[in-house]
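The block underneath contains the structure these notes are about, expressed in structure tokens.
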Amino acid sequence: MPKNLVIVESPAKAKTIEGFLGPDYIVKSCFGHIRDLSKSDISIDVNNNYAPKYEISPDKKEIIKELTKLSKSVDTVWLASDEDREGEAISWHLSEALNLDQSKTKRIVFHEITKQAILKAIDKPRQIDYNLVNAQQARRILDRLVGYELSPILWKKIKPSLSAGRVQSVAVRLLVDREREVNGFLSVSGFRVVALLSFTHQGKPYVLKATLPRKLANEQEAQVFLESCLAATFNVGSVEKKPAKRTPSAPFTTSTLQQEASRKLGYSVSQTMVLAQKLYEAGKITYMRTDSVNLSETALNAAREQINNQFGERYHKQRQFTTKSKGAQEAHEAIRPTYMENPTTEGDSQEKRLYELIWKRTLASQMSDAELERTVVKVSISTQKEQLEAQGEVIVFDGFLKVYIESTDDLSEDEEGSGLLPPVEAGLSLNLDDMTITEKFPNSPPRYTEASLVKKLEELGIGRPSTYAPTISTIQKRNYVVKEDREGTPRNYTVLVLKKGEITSEKKVEMTGAEKNKLFPTDIGTVVNDFLMEHFSQIMDFHFTAKVEKEFDEIAEGMQEWTKMINQFYHPFHKDVERTLVESERATGSRLLGIDPKTNKNVYVRIGRYGALAQIGESDDEEKKFSNLRSGQRLESMTLEDALELFKLPRNLGDFEGKDMTVGTGRFGPYIRHNSSFYSLPKIDDPLLVDADRALEIILAKRKADAEKVIMRFTDTEPEIQVLNGRFGPYITQGKENFKIPKDRDPKTLSLADCVAIIADEANKPKKIKRGKK
DNA sequence: CAGTGAGCGAGCTTCCGCTTGACTT
């Protein structure tokens, strides 16, 4: 019987550690938090010093039973949860829930999963740090108070089932603010000058591409500039070379891994975490939920060895990075391969690519700076004071760039300043091949991707490595936010060209504002955000988390009583809650768009019980009219014209077989309705233009298709079974189930007995095997 | 699936941060 029970948070960790400790130790995992406030109500007694009502989480009952039993059979229980606020609380909850005898309970922490580190930890046990535990309780209770008092207000004032919280509501605010910034962005164009200048050097022809550093203000100025260049001569004025260097980024944390996997591999935040979890469980990488950029001694040594072997000593430079992000708790190492000597790994291709990314990033972080040479060439124009400029960059020593180049979210305008310049010297005379002046519009601030939102949240110190992915999915589940593509809109721009002594001007069209896989706030997300901003600006403040984190730190250091801190927060907050419940109007996001010229009534858009709608007439008007907004239409961007357009449908097209034909637009696009049947309108038809003849055509075509749908039926004997013609050819249907007809059978000649036999045959076939794994 | 949009009232929804599976398609 083992004499010692060690409890860690993660089962993968438990397995590794057990190997180090020998037969006297049994190592178990508690799978994270084991107790929490009950979900069913607020579970905090606000009138009794905020006494929390904890209960064992339903999914942890089983493991607690097992741990209790084990703890009774050993001499010593070692609580080895992580060394941060949450980890300390887990140890305390364990000690309470398992009813541990303090004299045989020891608290240990280690930062590295090596035999040495663990033995050292066991050598220096301590007691539970109650200041840290109280800091966690304060965090937990504040979050519960905010979440469980704000959400019900939203149910009453906006819509049931909505939610608000310290983290999610600020995440939505970032998106709403950005959306407004983008929509309000005024893009003032400038005119960009690019010249292609040729020369010969040692008998070989070269072209130098040079640009004017500033943009010209308008077309007229561009025209004047080109005219002045018509008779000009061009000379290289100066060539200046400067050394530069580039330094590798720190190894991955959760958030930087999510960002790079999104940029380089196109993974969603949650996809990255699922893959990383698999790599972790397979023992290939260290823990994937971390905010630390620290590498252990073991890792530093392994990286050095790998770099020296693979690239030579010149490529190695040992670096230890320091964590900058707010609120970092550093319970773990950075995310790195467990074995640096493996540049790649077995497994499915997605896992493999993520592993290789982690390996490269880790290795690069321990490599030398890249040395560059930047060259700036100035080109003089004889008729102008202003000079053109060409920039080049050459890698003198690649260093870490040999394995890893970090990506950025910025869409840099051009590829300026990269690559090798042709051989030029001061005084060299150049020949103008052509000069192009293109009208350019500056980009609006970029919309957020999942990963760039995580980056922003981390910068603000909001959320933790374990919650970034769940937060992103919560705000999408609540329908506050959607991730989607949007088509761009066409925009005109002007291009002026000087070539062979002639100046020409041309109007061109480019697409602008197209987005791929970006986060957009929905109407409901916007209405909830504006409501919270109006009544709870304190919670919505981007620095709210940072402020309370500072107080949690003070509690952790024993400088402040946790109940006092919560009390100071709760009193004013709860007053706001009560006042809002009484005073605030129902929030519908209602906007008055204008007046309907036909009826002279007001036209509104707002959120209704079933989503966004347009309304003509006041709410107490008996003859008011409603229409759903179309998909893609947003409350904020609706105009009077857009709204009036909606009321043009449904239209009555006239009578057929004694019943009205109407045309309308539903959830699945435009349709014709006749005698309570629906007929989808083909894409080529515009519901506003369709006439009675065309509607009739569509109805008859559908009837014909339906008539041909039934190949065989056995009405008398077995009305359940039919042979039908479907989208993919003939098939047999029985009730709600469909069955394939074997290729060698003619569907037209099948008898009922044949059908029954085929159904029995198909039903016996094994179900499709799961895809994914080989 | 092609409507609905108001109100009543029962009963429900909801937070953040630790951890993994157990479930289908």
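Numbered from 1 within each chain, the chains take letters A, B, ... in sequence-line order.
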Options [options], nucleotide nearest the side-chain atoms of [X]:
{"X": "Ser151(A)", "options": "dC15(B), dC16(B), dG5(B)", "result": "dC15(B)"}
{"X": "Pro160(A)", "options": "dC18(B), dT20(B), dT13(B)", "result": "dT13(B)"}
{"X": "Tyr671(A)", "options": "dC18(B), dG3(B), dG7(B)", "result": "dG3(B)"}
{"X": "Phe626(A)", "options": "dT14(B), dT19(B), dG5(B)", "result": "dG5(B)"}
{"X": "Arg139(A)", "options": "dT20(B), dG5(B), dC16(B)", "result": "dC16(B)"}

Counting only side-chain N and O atoms of [X], is one of them less than 4.0 Å from OP1 or OP2 of [N]?
{"X": "Thr467(A)", "N": "dC16(B)", "result": "no"}
{"X": "Tyr468(A)", "N": "dC18(B)", "result": "no"}
{"X": "Tyr287(A)", "N": "dT19(B)", "result": "yes"}
{"X": "Arg289(A)", "N": "dC18(B)", "result": "no"}
{"X": "Ser163(A)", "N": "dC15(B)", "result": "yes"}
{"X": "Arg140(A)", "N": "dC15(B)", "result": "no"}
{"X": "Arg144(A)", "N": "dG17(B)", "result": "no"}
{"X": "Ser619(A)", "N": "dG5(B)", "result": "no"}
{"X": "Gln168(A)", "N": "dC16(B)", "result": "yes"}
{"X": "Arg673(A)", "N": "dG3(B)", "result": "yes"}
{"X": "Arg85(A)", "N": "dC16(B)", "result": "no"}
{"X": "Gln136(A)", "N": "dG17(B)", "result": "no"}

Applying a 4.0 Å non-hydrogen cut-off, can you work out what [X] is touching in the nucleic acid: base, sugar-phosphate, or nothing?
{"X": "Pro650(A)", "result": "nothing"}
{"X": "Lys624(A)", "result": "nothing"}
{"X": "Arg606(A)", "result": "sugar-phosphate"}
{"X": "Gly165(A)", "result": "sugar-phosphate"}
{"X": "Gly87(A)", "result": "nothing"}
{"X": "Ser57(A)", "result": "nothing"}
{"X": "Ala164(A)", "result": "sugar-phosphate"}
{"X": "Val167(A)", "result": "sugar-phosphate"}
{"X": "Leu145(A)", "result": "nothing"}
{"X": "Arg478(A)", "result": "sugar-phosphate"}

Whole angstrom value for the distance that separates [atom2] of [N] from [atom1] of [X]:
{"X": "Lys39(A)", "N": "dC18(B)", "atom1": "NZ", "atom2": "C1'", "result": "15 Å"}
{"X": "Ile42(A)", "N": "dC12(B)", "atom1": "CD1", "atom2": "C1'", "result": "17 Å"}
{"X": "Tyr54(A)", "N": "dC16(B)", "atom1": "OH", "atom2": "C1'", "result": "12 Å"}
{"X": "Asp291(A)", "N": "dC18(B)", "atom1": "CG", "atom2": "P", "result": "9 Å"}
{"X": "Trp92(A)", "N": "dC18(B)", "atom1": "CH2", "atom2": "P", "result": "17 Å"}
{"X": "His33(A)", "N": "dC18(B)", "atom1": "NE2", "atom2": "P", "result": "6 Å"}
{"X": "Ile153(A)", "N": "dC15(B)", "atom1": "CD1", "atom2": "P", "result": "14 Å"}
{"X": "Arg609(A)", "N": "dC8(B)", "atom1": "CZ", "atom2": "C1'", "result": "11 Å"}

What about the rings of Tyr287(A) and Tyr280(A), do their centers lie closer together than 6.0 Å? yes
Ring stacking, Phe678(A) with base of dC1(B), under 5.5 Å and under 30°? no
So is the aromatic ring of Phe31(A) stacked onto the base of dC18(B), judging by whether the centres are under 5.5 Å apart and the planes are under 30° apart? no
Pairing pattern in dot-bracket form [Watson-Crick, G-U; both distances under 3.5 Å; | = partner strand] for DNA chain B: .........................
Are any of the side-chain nitrogens in [X] or [Y] under 4.0 Å away from the carboxylate oxygens of its partner?
{"X": "Glu549(A)", "Y": "Arg139(A)", "value": "no"}
{"X": "Glu149(A)", "Y": "Arg166(A)", "value": "no"}
{"X": "Lys13(A)", "Y": "Asp82(A)", "value": "yes"}
{"X": "Asp45(A)", "Y": "Lys53(A)", "value": "no"}

Can you list the steps and then say if Gln615(A) with Lys625(A) is a side chain to side chain contact (heavy atoms under 4.5 Å, CB included)? CA-CA 6 Å; Gln615(A) 175 180 334; Lys625(A) 282 203 295 186; over 6 Å; no
Would you check, one step at a time, whether the test ring-ring contact (aromatic ring centres under 6.0 Å, His included) holds for Tyr50(A) with Tyr570(A)? CA-CA 10 Å; Tyr50(A) 304 93; Tyr570(A) 183 70; 5.8 Å; yes
Rounded at 0.5 Å granularity, tell me how far OG in Ser584(A) sits from CG in Asp576(A). 11.5 Å
Look at the side chain of Asp59(A) against the base of dT19(B) and say whether a donor-acceptor pair falls under 3.5 Å; ignore hydrogens and angles. no
Taking every non-hydrogen atom, the tightest pair across Ala171(A) and Leu453(A): O-CD1, 4.1 Å
Taking only residues two or more places apart in sequence or in another chain, which ones pass salt bridge (charged side-chain N to carboxylate O under 4.0 Å, His left out) with Asp523(A)? Arg634(A)
Identify, between Thr474(A) and Asp82(A), the residue whose nearest nucleotide on DNA chain B lies closer to the 5' end. Thr474(A)
Audit row: Gln568(A), Glu551(A), side chain to side chain donor-acceptor pair (under 3.5 Å) steps and yes/no: CA-CA 11 Å; Gln568(A) 274 167 8; Glu551(A) 305 210 51; over 6 Å; no
